[in-house]
Each structure stands twice: as structure tokens, then as C-alpha cells.
Protein chains: 2
Amino acid sequence: MTEETGLRERKKQRTRQALSETAIELFLARGFDQVSVADVAAAVEVSKPTLFRYFPSKEDLVLHRIADHQGEAARVVRERAVEASPLAALRAHFHARLDAYDPVTGLCDNPAVLAFHDLVFTTPSLLARTVRYSERDEELLAAALYETGGDGGDEFMARLAAAQIVTVQVRLARGNWCRINGGVRAAEALPRAHAEADVAFDLLGGGVGAVYG
Amino acid sequence: MTEETGLRERKKQRTRQALSETAIELFLARGFDQVSVADVAAAVEVSKPTLFRYFPSKEDLVLHRIADHQGEAARVVRERAVEASPLAALRAHFHARLDAYDPVTGLCDNPAVLAFHDLVFTTPSLLARTVRYSERDEELLAAALYETGGDGGDEFMARLAAAQIVTVQVRLARGNWCRINGGVRAAEALPRAHAEADVAFDLLGGGVGAVYG
DNA sequence: CTCGAAAACGCAACCGAGTTACAAAAGATT
DNA sequence: AATCTTTTGTAACTCGGTTGCGTTTTCGAG
């Protein structure tokens, strides 16, 4: 199905990629708000309406990248080993991504990745949009949790748990990014990242009650 | 300090209120996106720049109302009875607000309140902005939790817990609003709202681990 | 009461995001 | 090559938000 060998299709793919890459390049160089969509369109030698035919908004020029990770948590739960609990699978997965210095964990000092994260986190309109992605992620995770049946068929509980899990993962990533952004190398920050992840998943699993209850 | 008896100050207050009230009125009647800021300004007989001197954005014409509730969770924690734990205080407070059919719980079938909630929740740009308010609320709660010292001085844990608590409260309110919006009277939905709140706070206190761990 | 400074306002023009209508161009089809 | 469809460019438009500037209104001091 990825073999739509038409010339037309190839051109579209190339235009789309050129738009996104050129846009991010310009945004990184001058800042998101200092580059207009007209600038991007001009740089790719495309008209403004055409740009919006490829990306519904200026923000999507940047954020379509992170859309690829949509549903990762849900997938982890679904594809976990039969003997593993959902939470244990998510925990193990997060630690594994940490060791791989996966950008999604925030623990990644690759200059390009860091600059990209910096762009997203320090541009209000971009940051606001990431929330929408988290919400979708949460929905998908809730569905996956519900399917496990551990809640005795309580859909509301699945949604609550999903919300908490996604929230915690976002906080973990933000914490890591902050330290990396403060100049710490990823390898140095790794132990603390693992420790915080343990704290977070312990809290998640054992409840806030043990501390503030 | 609320006694700035100047004529100037009084006029400003009146203009501000007129702008907000007229705007909400128009938005409720025709929909947020079908009313331009120029319409609002014209209805109040004020110029467009003046409108923006009072409210930094179109959304703030609506949302400045909910800004009043900022920091409610933090306040509850700070002003709790000495023998009460933070979580118990928050739980009791939520149940109490439920019994009072407080709009913040989503369980309120007052037509005006319902229409207002409907406006906020079904207008994407407004809904997006509410997230910012929640984030601020979360920050304040984190600080209040940290001060209790129950975490042994772990600021990160305070932030995690605050994030989870705020998230759960938002979900509870959304659930209630959904049912009210579906036509159920607040009094009818009250038992279920209490039940869900219990489930939510149990999950919060006892951990996701007991269910999905 | 008067006068001058400061605050608030209106006007008009402007910018940038996003949309629309229509006509022109380019790929696909026979 | 002729035709049909999809994609594109042009130009004009709407709307949120800003800016510069001149005018009015309020305040406060003499």
C-alpha cells in the first residue's frame, strides 16, 4: 500500500517534506514567531494556499513529527508479555527508552533534538498544541487498559488511570529536558532520570495516599 | 484597597464588565466563532484597540471568570484542619462542592451555568486555554503539598502528586458535565458523582497499582 | 476655578494566519 | 493527441491582534 508509484504522489511527498524541513530550519534559526508562513512558502517556492493544503496550521509544520509517537503507551500495554501487568510493562518500557536516550523521554542531548525540543517547549502556541496530542494518547491508553479487564469493566477507572499515567510520563520527560537544557549531558543525567522514573511509577502504583494521604 | 474611589476607576470597571458580559451574551447566542471582536466592540460602543486594552485576547473575554477559582486546591490544603491529611481535605472539599452543586464540579444544571460550560467545552480555542489555568492550579497545589513536608522534602514528588490530583479533578468535572449536558438533572446525578469521586480519590490514594499493577 | 500632566480613548493603517473563488497547469487515462 | 482529474497559483478577503498618533477626559495642584 505504500507503493503508490505515481509521479504525482512522489511530488506531493517531496513537497510535504520540503515544507516541513524548511519550516523547522527557519524556525530554529529565527524563532517560530519571527518567521511567517509566507516566508516558508516563499522559501519552498510554493504559494500560501498550497502550504495550507499540506498542513492545516503553522504549528503542524513542526508538530506532525511527534504525531508519529501517538499511541505508544497503548501499544506497549497491548503488546506486553502475558505475565506482565500494564503498569509494569509501561515502567519497563520507559526505563528502556531512557537507556536508549530516546527523544520522547526528554533525555537526549543530540543538538538537533535538543534544539527541536527547545523550539517546542519555549513557543507557547506549540506547547499548547502538544496537549492535544497527549489527550489523544490518553484516550488510546484508556482503551487499552480497559481491554485488559483489570478494572472489572469500569471504563471510568480506565480513563482516570490513563490520565494519571500520561500525566506522569509528561512530567518525567519535562524534568529530563530541563536538566539537559541546563547543560547536563544525557549520560550524566541518566541515573537521576532512572531514579525519578522509579519514584514516579512507585507513586503511580502505590498511590499518593502513602505520602499525602 | 478596593476603595479606589476615582471616577476613572469606576468607569473602567464598568467598561470591563460591559465588555465581558456583552461578549458572553453574544457568544452564547451565536457561537464564539460566529462573533468577531469587532462585533463585541461595536455592541459596547468602544473601539477595537480599547477592547484589547481590557482583555489581552478574545478568549479572555470569557475565561477571566474561571480565573477566580485559581489556587482553590492549594488553599484547601493550606487551610485544612490540623488533623486532616491533604488528600482527605481535598476529598472532603470536593464532596462538599458536589453537594452545593458548585459549577466547578461540573454538576450544576442551572441553565446559565450550563450554557456557559457548554460554550467553553465545545469551543476548541476556549478549551485549550483552560489547560493553562489547570497548569497554574497544579503549580500552586504542588507548592502547598511541598510545604506540608509529607514527602520528606521531595519537590519532584510534590509536583507529581499535584499533577495527578488536578488531572483527576478535571476528569471528574468533565464526567459530571457530560451527564448534565445529556439531560440528567443535577440532583439525579449527585449519587453517581459522589460514587465516581470516591473511586477517583481511592485510586489516587491507593494507587493505580491495585488495579493495573 | 484653572491649568497642565497623565491616563484613556478613537481612528486608521497595518501585520500575519487562514480561507475562498477561479483560472491555469500538470499528471493520469484512453 | 484529446480529455478528465488533481493540483497549483493569484488575488482578494476575513479576522485576531498591534501600532502610531492625535484628541478627549480625568485628576490634582495651585
Side-chain angles (χ1 to χ4, degrees), chain A residues 1 3-20 22-24 26-27 29-64 119-120 123-129 132, chain B residues 1 3-20 22-24 26-27 29-64 119-120 123-129 132:
Chain A
M1 54 169 71
E3 286 292 330
E4 295 291 342
T5 47
L7 167 59
R8 203 171 238 161
E9 217 60 28
R10 260 177 290 150
K11 267 193 153 178
K12 271 175 40 174
Q13 298 282 9
R14 241 181 299 153
T15 303
R16 186 181 168 81
Q17 191 173 343
L19 279 171
S20 170
T22 306
I24 292 176
L26 290 175
F27 294 157
R30 278 190 275 156
F32 187 78
D33 296 320
Q34 275 61 57
V35 178
S36 74
V37 292
D39 293 338
V40 177
V44 185
E45 290 180 312
V46 149
S47 74
K48 199 166 58 148
T50 294
L51 184 151
F52 283 109
R53 276 176 205 122
Y54 283 90
F55 296 92
S57 79
K58 187 184 182 184
E59 286 79 17
D60 289 302
L61 282 164
V62 177
L63 294 179
H64 76 104
L119 175 66
V120 173
T123 305
S125 61
L126 288 175
L127 188 58
R129 286 261 178 153
R132 310 274 294 186
Chain B
M1 53 170 69
E3 287 292 329
E4 295 292 341
T5 49
L7 167 61
R8 203 173 233 160
E9 218 59 30
R10 259 177 293 149
K11 267 193 154 178
K12 272 175 37 174
Q13 298 283 8
R14 238 182 300 151
T15 303
R16 185 181 166 80
Q17 192 173 341
L19 280 171
S20 170
T22 305
I24 292 176
L26 291 175
F27 294 157
R30 280 191 273 154
F32 187 78
D33 296 319
Q34 275 63 55
V35 179
S36 73
V37 292
D39 293 338
V40 177
V44 186
E45 291 181 312
V46 150
S47 72
K48 202 169 55 154
T50 294
L51 184 152
F52 282 109
R53 276 177 203 121
Y54 283 90
F55 295 92
S57 80
K58 187 183 182 184
E59 285 79 17
D60 289 302
L61 283 165
V62 177
L63 295 178
H64 77 103
L119 175 65
V120 173
T123 305
S125 61
L126 287 175
L127 188 58
R129 285 259 179 154
R132 309 275 294 185

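Just so you know, these numbers use all the heavy atoms, side chains as well, and skip hydrogens, waters and symmetry mates. So that the names make sense, note that chain A is the first sequence line, chain B the second, and so on, each numbered from 1.
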For B:Thr50, check side chain to side chain contact (heavy atoms under 4.5 Å, CB included) against everything at least two apart and list the hits. B:Val46, B:Ser47, B:Arg53, B:Tyr54
Could you give the CG-to-C1' distance, from B:Asp60 to D:dG17, as a whole number of Å? 12 Å
With sequence neighbours left out, what residues match B:Thr15 under side-chain hydrogen bond (donor to acceptor under 3.5 Å, both in side chains)? none
How long is the gap from CD1 on A:Ile24 to CZ on A:Phe32, to the nearest 0.5 Å? 10.5 Å
Within this structure, what is the NZ-to-C1' distance between B:Lys12 and D:dT26, rounded to whole angstrom? 12 Å
Closest-nucleotide mapping onto DNA chain C: is B:Thr50 or A:Val37 further toward the 5' terminus? I mean the 5' end. B:Thr50
Which residue lies more 5' along DNA chain D, comparing B:Ala38 with A:Val46 via nearest heavy atoms: A:Val46
Whole angstrom is fine here: how far is it from NZ in B:Lys58 over to P in D:dT14? 15 Å
Rounded to the nearest 0.5 Å, what's the gap from CG on A:Asp60 to CG on A:Leu51? Could you check? 10.5 Å
Please report, rounded to the nearest Å, how far the C1' atom of C:dA17 is from the CG atom of A:Leu61. 12 Å
Minimal non-hydrogen separation, A:Lys58 against A:Ser36, with atom names: NZ-CA, 4.5 Å
Given atom CZ of A:Arg14 and atom P of D:dT8, what is their separation to the nearest angstrom? 12 Å
CG-CZ distance between B:Leu61 and B:Phe27, expressed to the nearest 0.5 angstrom: 5.5 Å
When you check the phosphate oxygens OP1 and OP2 of D:dT8, does a side-chain N or O of A:Tyr54 lie under 4.0 Å from one of them? yes
Sugar-phosphate only, base, or nothing, as touched by A:Val35 at under 4.0 Å among non-hydrogen atoms: sugar-phosphate
State the NZ-CZ distance between A:Lys11 and A:Arg14, to the nearest 0.5 angstrom. 7.5 Å
Measure the distance from CD on A:Gln34 to P on C:dA17 and round it to the nearest whole Å. 11 Å
A:Glu59 CD to C:dA17 P, straight-line distance once rounded to whole Å: 9 Å
Side-chain N or O of B:Lys48 less than 4.0 angstrom from OP1 or OP2 on D:dG17? no
How does protein reach along nucleotides 20-30 of chain C, written 5' to 3' as B (base within reach of a heavy atom under 4.0 Å), S (only sugar-phosphate), or - (no contact)? B-----BBS--
Integer-rounded Å distance: C:dC11 P and B:Glu45 CD: 11 Å
